[in-house]
2 protein chains.
Amino acid sequence: MTPARQRYDQESLLAVAAQVFTERGYDGTSMEDLAKVTGITKSSIYHHVQSKEELLGIGLDRALDALFAVFDEPASMDGKAVERLRHVVRRTVEVLVAELPYVSLLLRVRGNTATEQRALDRRRTFDRAVRALFAEAIADGDLRAGLDPALTERLVFGMINSTVEWYRPRSEITVDDLVGAVLAIVDGLRR
Amino acid sequence: MTPARQRYDQESLLAVAAQVFTERGYDGTSMEDLAKVTGITKSSIYHHVQSKEELLGIGLDRALDALFAVFDEPASMDGKAVERLRHVVRRTVEVLVAELPYVSLLLRVRGNTATEQRALDRRRTFDRAVRALFAEAIADGDLRAGLDPALTERLVFGMINSTVEWYRPRSEITVDDLVGAVLAIVDGLRR
DNA sequence: GTCTATAAATTGATAGAC
DNA sequence: GTCTATCAATTTATAGAC
């Protein structure tokens, strides 16, 4: 029995595309590259998506939806700001790992097209919400006084986001190790 | 008197190219894009460089040379590891800002070509040197016990590197503000 | 859902004049 | 140092058959 050749739907195609886009960059990946990796032809790919840019757009939305969902969790809404912040940090790291290819894609987007611009806008909205949490936690006196909320948010989430560059699930480093290391640094900011 | 049109040499061309490569990505920038931005033709650009990839290579070397030079500074070689580490952190941030377009370029490279691979190799060498400093500072008992040197190095320098995404000189945030905020986080790791 | 064939535009790069 | 003209290869995308 010859092994049945992989057949794709939009979902499975997207999974491969996000991975390749992340490895070589979106602009550095041609539809021909994608055809080689998937083992189907360019034409077949166009059966599943209208354009290369649509493939990107779907991937970006997936990452953004997962990130925004963190704010809808109960622990993001109740309690002291510093605890809500710790929860958002923890869950952001977990979402980043769970949706690694899509979040990687998001973090590499430059705004070259309308699709990319839209994603950047949504991402800025997310950043603003996190920044408000930092501001509140500092105002509560639970983080060191004198910290700049905007600057601190950028550094802490820049740190978190940078993990897409090297972290891979099923390495010796578990997600909990990663969350722990990030929270250790955040907790260094407590008064 | 009509204003004399800009004339380029390799240096001034590189400055523009690094900027545009950073904004749109290397693969997302065509020679035609570069021609439009510089106001000269593609042919004229090829008078200054042999290829688009050479333009990238020169920019990457500029960033890497500046970063490695930090380790040759006296303060990187004398004293306790934790103090040498703080100096490398401070100076890396300063170099990053001083050579912002070139360092941005470096941090976006994916390894798609031999030129990019070479740059990634040099960058890994830099990371290893920093990691050794973290390990030494932890062994000295000057950073919290239990910190993983490799993980901590990745997070802290991921944080530093992420600043290329948003920091711009001559904003209200001075380089010293930025260095201060980064060192505040690093100092949160001291025992 | 996948294929072959092909179009239309863009891309990196060169030749040779001023 | 810059230009016009041009090329060969690649790129995104479509038409139509199986």
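In what follows, chains are A, B, ... by sequence order, proteins preceding strands, each numbered from 1. Worth knowing before you read on, the calculation uses all heavy atoms, side chains too, and leaves out hydrogens, waters and symmetry mates. Remember, it's a predicted structure, so these values are computed and weren't measured experimentally.
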Could you state the atom-to-atom distance from [atom1] of [X] to [atom2] of [N] in whole Å?
X	N	atom1	atom2	result
His47(B)	dG12(C)	NE2	P	20 Å
Lys52(A)	dT10(C)	NZ	P	15 Å
Ile45(B)	dA13(C)	CD1	P	11 Å

*Tyr102(A) versus Asp61(A): any side-chain heavy-atom pair under 4.5 Å?*
no
_Any heavy-atom pair between the side chains of Ile45(B) and Met31(B) that's under 4.5 Å?_
yes
*dA15(C) base to Ser43(B) side chain: any donor-acceptor pair below 3.5 Å?*
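Checked by distance alone, the answer is yes.
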*Which residues pass the salt bridge (Lys or Arg N to Asp or Glu O under 4.0 Å) test with Asp176(A), sequence neighbours left out?*
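Scan of Asp176(A) (salt bridge (Lys or Arg N to Asp or Glu O under 4.0 Å), adjacent residues dropped) gives none.
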*asked:* So, using salt bridge (Lys or Arg N to Asp or Glu O under 4.0 Å) as the criterion, who are the partners of Asp140(B) when residues are at least two apart?
replied: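 None.
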Assess whether a salt bridge exists between [X] and [Y], defined as any Lys/Arg side-chain N lying under 4.0 Å from an Asp/Glu carboxylate O.
X	Y	result
Arg122(B)	Asp65(B)	yes
Glu11(B)	Arg62(B)	yes
Arg24(B)	Asp27(A)	no
Glu116(A)	Arg123(A)	no

_Is a donor from one side chain sitting under 3.5 angstrom from an acceptor on the other, for Glu53(A) and Thr113(A)?_
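Yes, because at least one side-chain N or O of Glu53(A) sits under 3.5 Å from a partner of the opposite role on Thr113(A).
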*In residues 31-40 of chain B, which ones come under 4.0 Å of DNA chain C, going by heavy atoms?*
Met31(B)
*Check the pair Arg84(A), Glu73(A) against side chain to side chain contact (heavy atoms under 4.5 Å, CB included), reporting the backbone distance first and the verdict last.*
CA-CA 10 Å; Arg84(A) 277 179 284 142; Glu73(A) 296 169 355; over 6 Å; no
*Base, sugar-phosphate, or nothing: which does Gln6(B) touch, judged by heavy atoms less than 4.0 Å apart?*
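The residue Gln6(B) makes sugar-phosphate contact but no base contact.
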*Would you indicate what Thr41(B) reaches in the nucleic acid, counting non-hydrogen atoms under 4.0 angstrom: base, sugar-phosphate, or nothing?*
base
_Does anything in residues 16-29 of chain B come within less than 4.0 Å of DNA chain D? Heavy atoms only, and list the residues if so._
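Per residue number, the list is empty: none.
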*asked:* With heavy atoms of chain B within less than 4.0 Å as the criterion, where does contact along DNA chain D begin and end?
replied: dG1(D) to dA5(D)
_side chain to side chain donor-acceptor pair (under 3.5 Å) contacts touching residues 166-175 of chain A (sequence neighbours left out)_ = Thr174(A)-Asp177(A)
